[in-house]
Amino acid sequence: MPVTSQYAVPLPLVPYLPVRNSDLRFPVHRIYCVGRNYTDHAIEMGQDPNRETPFFFQKNADNLVTNNGDFPYPPVSKEVHHEIELVVAMGNGGTDIARENALDHVWGYAVGLDMTRRDMQSEMKKAGRPWEIGKAFEHSAPCSDVAPASEIGHPNEGRIQLKVNGEVRQLGNFNQLIWKIPEIIMALSGLFELKPGDLIMTGTPAGVGAVSRGDLLECFIEGVGEMTTQVV
Ligand code: MN
């Protein structure tokens, strides 16, 4: 019998986001997230809002929820928070990318939710342990279709808003980002080799709060897009 290349277990599918108004798919490599990137959110979390070096954590690409799909309430946690975030979709990778041409590496933008098991994240923080279980769980990254930069440009200001059951809970403007998108790409590419298909969740404005089963979350980012998800 000839030896063929076979995988020992079924090959996982590559997660992807639909591209807005297109049949194209945007394949997702990694999901990087920026912590505390809006002053008013840093304050509400009891942290120093002064500009320190940006810090990062990751979610898994297969944590995405697409096409306005449901968000199943995750196990163990009693306190799951919504965090609306502007998402950057990388078209070109690299290391040590300069701030000046960082936006040339961006393929598009999306609206995302960094769903967080806050109680578990807080326990881990207190114990000096990794946040993983609070952040990188199944379905923790609902995300809209990607809007190509070739259509919407590289927006640097606009309303970012999340409603729960029709009521505004988070409201800000992404011109309030402490670390701007080119600076995030510069910092991140100094730590990791960025690849085409990487997503970067850029942080959330104030107003994070707990969700319950049945809640409808409506997300809107001016000039970028919108997304809804229901907690089930
Ligand atoms: Mn976040």
Side-chain angles (χ1 to χ4, degrees), residues 17 28 30-49 51-65 71 73-74 77 79-90 109-125 129-144 158-164 168-181 183-185 187-188 191-192 198-211 215 217-221 224-227 229 231:
L17 295 175
V28 177
R30 291 183 186 162
I31 305 177
Y32 295 101
C33 306
V34 187
R36 276 174 233 141
N37 204 21
Y38 286 78
T39 303
D40 51 356
H41 174 61
I43 292 168
E44 80 176 346
M45 296 303 288
Q47 305 294 336
D48 181 353
R51 192 173 146 103
E52 26 175 10
T53 309
F55 70 92
F56 304 100
F57 57 92
Q58 291 183 41
K59 289 177 182 268
N60 303 296
D62 64 357
N63 294 153
L64 288 166
V65 175
F71 171 75
Y73 200 96
S77 177
E79 189 192 19
V80 177
H81 278 196
H82 53 72
E83 298 189 356
I84 184 175
E85 313 213 352
L86 173 63
V87 179
V88 177
M90 299 300 289
Y109 298 88
V111 181
L113 278 169
D114 167 15
M115 298 303 290
T116 302
R117 294 197 275 215
R118 188 74 72 205
D119 46 356
M120 297 167 71
Q121 181 199 26
S122 303
E123 280 169 32
M124 290 299 113
K125 251 190 220 177
R129 292 179 180 159
W131 294 6
E132 200 91 10
I133 59 170
K135 288 291 193 179
F137 54 92
E138 289 358 293
H139 314 290
S140 61
C143 201
S144 74
R159 189 155 52 97
I160 174 166
Q161 172 186 289
L162 175 137
K163 289 183 186 177
V164 179
V168 176
R169 292 285 175 79
Q170 289 192 264
L171 181 61
N173 189 304
F174 59 91
N175 65 11
Q176 297 160 342
L177 285 173
I178 297 171
W179 292 94
K180 308 298 180 195
I181 290 164
E183 295 171 322
I184 294 170
I185 292 171
L188 202 50
L191 294 166
F192 300 98
D198 284 339
L199 298 180
I200 307 171
M201 305 188 80
T202 56
T204 196
V208 301
V211 301
D215 284 350
L217 311 185
E218 294 173 280
C219 306
F220 170 79
I221 300 182
V224 175
E226 51 196 19
M227 175 194 66
T229 187
V231 185

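Atoms within each ligand, like the ligands themselves, are counted from 1 in listed order. Hydrogens, waters and symmetry mates play no part in the numbers below; they use all other heavy atoms, side chains included.
Of the possible donor and acceptor atoms, one in the side chain of Gln170 sits under 3.5 Å from a partner among the backbone N and O of Pro205. Without hydrogens or angle criteria, Thr116 side chain to Arg118 main chain gives no donor-acceptor distance under 3.5 Å.
Look at Glu123 and Arg117 and you find no salt bridge, because none of the NZ, NE, NH1 or NH2 atoms lies under 4.0 Å from a carboxylate O. With respect to Lys135 and Glu83, a salt bridge is recorded, a charged nitrogen being found less than 4.0 Å from a carboxylate O.
When the side chain to side chain contact (heavy atoms under 4.5 Å, CB included) test is applied to Val211, the partners found at least two apart in sequence or on another chain are Tyr73, Val80, His82, Met115, Asp215, Leu217, Val231.
Rounding to the nearest 0.5 Å places CD of Gln58 at 11.0 Å from CG of Asn63.
Listed by chain and number, the protein N, O or S atoms at a distance under 2.8 Å from the Mn ion (ligand 1) are Glu83 OE1, Glu85 OE2, Asp114 OD2.
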